[in-house]
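Here is the structure we will look at, set down as structure tokens.
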Number of protein chains: 2
Amino acid sequence: MREFKRNSRILLIDDNADHLRGIKELITLESSYNVVGATTSANIGINLAKKYRPDIILMDINMPEKDGLQAIQEIEKLDMDIRVICLSGYDDADLIFRAMKIGAKGYVLKTMASAQLIYAIDEVASGKIYLPTALTSRFFEYFQRSFKDEANAATEENLLTYLTAREEEVLDLLTQGNNYKGIAGKLFISETTVKTHVNNIFQKLQVNDRTQAVLYALNNGFAKRRAKLAV
Amino acid sequence: MREFKRNSRILLIDDNADHLRGIKELITLESSYNVVGATTSANIGINLAKKYRPDIILMDINMPEKDGLQAIQEIEKLDMDIRVICLSGYDDADLIFRAMKIGAKGYVLKTMASAQLIYAIDEVASGKIYLPTALTSRFFEYFQRSFKDEANAATEENLLTYLTAREEEVLDLLTQGNNYKGIAGKLFISETTVKTHVNNIFQKLQVNDRTQAVLYALNNGFAKRRAKLAV
DNA sequence: GAAACTATCAATCTAAAGATGTAAGACAAA
DNA sequence: TTTGTCTTACATCTTTAGATTGATAGTTTC
């Protein structure tokens with residue numbers, strides 16, 4: 001990981017020209033960071049990012065022209081180790097969650113003191129991830145809520161435990177979108193045997209068909225990582 | 001949500017008796033919180049929690065007898081609005097992530113200053129979630145790493161965008177385990193119409209059957225929250 | 001107003017899936 | 001040794017799923 005110094009290069013993206021000017025002044029006067037670009041357009045901003053390769057981007061995520069979150073994803077996809085800090089007018093938990101999920105390194109409210117913005121840049125420039133305490137709390141509430149169902153599902157009685165090893169193998173192949181022939185081929189057994197296993201799986205999981213079996217498996221923690229489509 | 005005061009009732013669980021005594025003294029002397037119980041056993045702790053209904057539990061999560069995380073889950077399952085703060089010797093990102101995922105309201109390192117422990121209790125007592133800045137950073141690194149694949153999948157060309165509104169409805173019902181008849185009944189259209197839609201969905205998603213369609217949908221961010229089995 | 005797209009429905013056919021019963025060999029536990 | 005479970009396998013039958021073609025009516029778009 002690159003070492004960032006206080007002279008990191010910064011790109012500003014904010015559709016509000018006044019705000020853009022304000023931030024630029026703030027950073028220029030109150031810090032030693034180098035503003036290498038400033039634009040009111042997300043699309044232009046992405047192009048500027050490719051061109052100037054800034055260390056950090058301050059991005060307004062409430063823009064009419066283009067969704068700021070989408071812009072972040074595009075920047076992340078460039079894989080140029082550009083760290084994006086979100087600027088937002090809203091402390092909406094869902095927004096914060098989605099921003100952090102797609103790789104934002106910081107999230108600062110526009111209403112916050114300028115010193116906090118500089119501090120956020122300092123932290124991100126030194127390789128850390130920065131969220132103000134208040135937003136961290138909001139984030140975690142949302143985070144825990146979104147995982148609550150999963151946690152409960154994990155503690156409920158899980159019919160998957162009744163499956164034999166072989167049945168688990170078969171179910172695993174089902175969760176990859178295989179049909180009878182595909183499973184038989186991969187397990188080197190006959191198609192009729194697969195049918196037997198699959199029928200036993202249906203009985204044990206109390207479902208009527210393979211789609212329901214797959215859904216039960218995925219909703220109850222069965223090999224989530226392996227559940228990739230094998231077309 | 002209950003309002004917590006500085007006289008919140010606290011239960012301590014830590015397999016190290018010396019540490020347990022130390023924390024008890026600290027809280028008694030340095031704060032106005034009320035320690036209603038202290039034990040070196042996770043199992044006893046859970047029983048004490050049921051009995052004394054503390055507002056907050058300080059729980060060591062590195063115990064030999066019982067996994068601290070499991071103990072937290074059991075306490076959360078009681079659904080008694082008991083807030084658990086983890087005490088841990090390790091700032092392992094995976095541990096922090098799992099603890100927060102299952103509902104811990106705080107995570108404090110044993111090596112941290114006693115003032116920070118009191119502060120954490122203050123925050124949690126007032127209904128917030130507290131993680132020290134350093135651990136927050138670790139948490140987010142882990143968080144973003146674990147979501148990276150999903151984020152990439154979301155930015156890839158998503159065949160789901162080609163679906164019409166009606167086709168999305170049909171796919172939604174497919175991801176709930178419905179067959180043709182079920183979908184037809186729920187959308188008040190004929191079974192043959194459903195077949196037409198489903199076939200169009202297969203074409204657009206480039207899959208061969210409904211199971212693969214459902215898997216594609218789930219793996220590409222289609223209505224994850226709604227993907228519950230309707231048996 | 002024509003062209004393109006969408007939603008609806010039907011008929012027909014083939015292939016696949018699912019239900020049910022039976023059974024043999026392997027192996028482990030009682 | 002017997003009992004039970006697991007894995008394998010087959011036959012048979014019914015139902016569902018999927019492919020294909022064609023058709024009508026409404027909507028949107030240009």
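Within every chain, numbering begins at 1; the chains are lettered A, B, ... in the order of the sequence lines, protein sequences first and strands thereafter. Here the structure is a predicted model, which means the values were calculated and not measured.
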- Task: Check Tyr107(A) against Tyr90(A) and note the closest heavy-atom contact, atom names and distance.
- Result: OH-O, 2.9 Å
Distance in angstrom units between [X] [atom1] and [N] [atom2], rounded:
{"X": "Asn178(A)", "N": "dA16(C)", "atom1": "CG", "atom2": "C1'", "result": "14 Å"}
{"X": "Lys195(A)", "N": "dT22(C)", "atom1": "NZ", "atom2": "P", "result": "19 Å"}
{"X": "Phe188(B)", "N": "dT8(C)", "atom1": "CZ", "atom2": "P", "result": "12 Å"}
{"X": "Gln212(A)", "N": "dA17(C)", "atom1": "CD", "atom2": "P", "result": "16 Å"}
{"X": "Glu169(B)", "N": "dT6(C)", "atom1": "CD", "atom2": "P", "result": "15 Å"}
{"X": "Ile189(B)", "N": "dA10(C)", "atom1": "CD1", "atom2": "C1'", "result": "14 Å"}
{"X": "Leu187(B)", "N": "dC9(C)", "atom1": "CG", "atom2": "P", "result": "10 Å"}
{"X": "Asn208(B)", "N": "dA16(C)", "atom1": "CG", "atom2": "P", "result": "10 Å"}

Lys/Arg N to Asp/Glu carboxylate O, [X] vs [Y], below 4.0 Å:
{"X": "Glu169(A)", "Y": "Arg166(A)", "value": "yes"}
{"X": "Asp81(B)", "Y": "Arg83(B)", "value": "yes"}
{"X": "Lys110(B)", "Y": "Asp14(B)", "value": "yes"}

- Lys24(A) NZ: over 12 foreign heavy atoms closer than 6.0 Å: no
Hey, is the side chain of [X] poking within less than 4.0 Å of OP1 or OP2 on [N], counting only N and O atoms?
{"X": "Ser190(B)", "N": "dC9(C)", "result": "yes"}
{"X": "Thr164(B)", "N": "dA7(C)", "result": "yes"}
{"X": "Thr193(B)", "N": "dC9(C)", "result": "yes"}

- Message: Using a 3.5 Å distance criterion without hydrogens, assess whether the side chain of Asp60(A) forms a donor-acceptor pair with backbone atoms of Asn16(A).
- Response: no
- Item | Distance-only side-chain donor-acceptor flag, Tyr162(B) / Gln203(B), under 3.5 Å | no
- Any side-chain donor-acceptor pair under 3.5 Å between Thr39(B) and Ser41(B)? no
- Item | Ring centre gap for Phe139(B) and Phe143(A) strictly below 6.0 Å | yes
- Query: Which residue pairs satisfy the salt bridge (Lys or Arg N to Asp or Glu O under 4.0 Å) criterion with at least one member in residues 191-213 of chain A, sequence neighbours excluded?
  - Reply: Glu167(A)-Lys204(A)
- Task: Would you work out how much the helix from dG1(C)-dC30(D) to dA30(C)-dT1(D) bends between its ends, with each end axis defined by five base pairs, to 10 degrees?
- Result: 50°
- Query: Does Arg166(B) or Glu191(A) map to a spot on DNA chain C nearer the 5' end, using the closest nucleotide for each?
  - Reply: Arg166(B)
Each nucleotide N or O in nucleotides 26-28 of chain C that has a protein N or O under 3.5 Å away: list the pair and distance.
none

- Considering only heavy atoms, which members of residues 196-204 of chain B lie under 4.0 Å from some atom of DNA chain D? Asn199(B), Phe202(B)
- Would you say Ile46(A) and Ile13(A) make side-chain contact, with heavy atoms under 4.5 Å? no
- Outermost nucleotides of DNA chain D that come under 4.0 Å of a non-hydrogen atom of chain A: dC6(D) to dC10(D)
- Note on the structure: Applying ring-ring contact (aromatic ring centres under 6.0 Å, His included) to Phe202(A) and not counting sequence neighbours gives none
- Item | side-chain contact (heavy atoms from CB on, under 4.5 Å) between Ile23(B) and Leu87(B), intermediate numbers included | CA-CA 11 Å; Ile23(B) 297 173; Leu87(B) 286 173; 3.4 Å; yes
- Query: Name the one of Val207(B), Asn220(B), Leu205(B) that satisfies side chain to side chain contact (heavy atoms under 4.5 Å, CB included) with Leu159(B)?
  - Reply: Leu205(B)
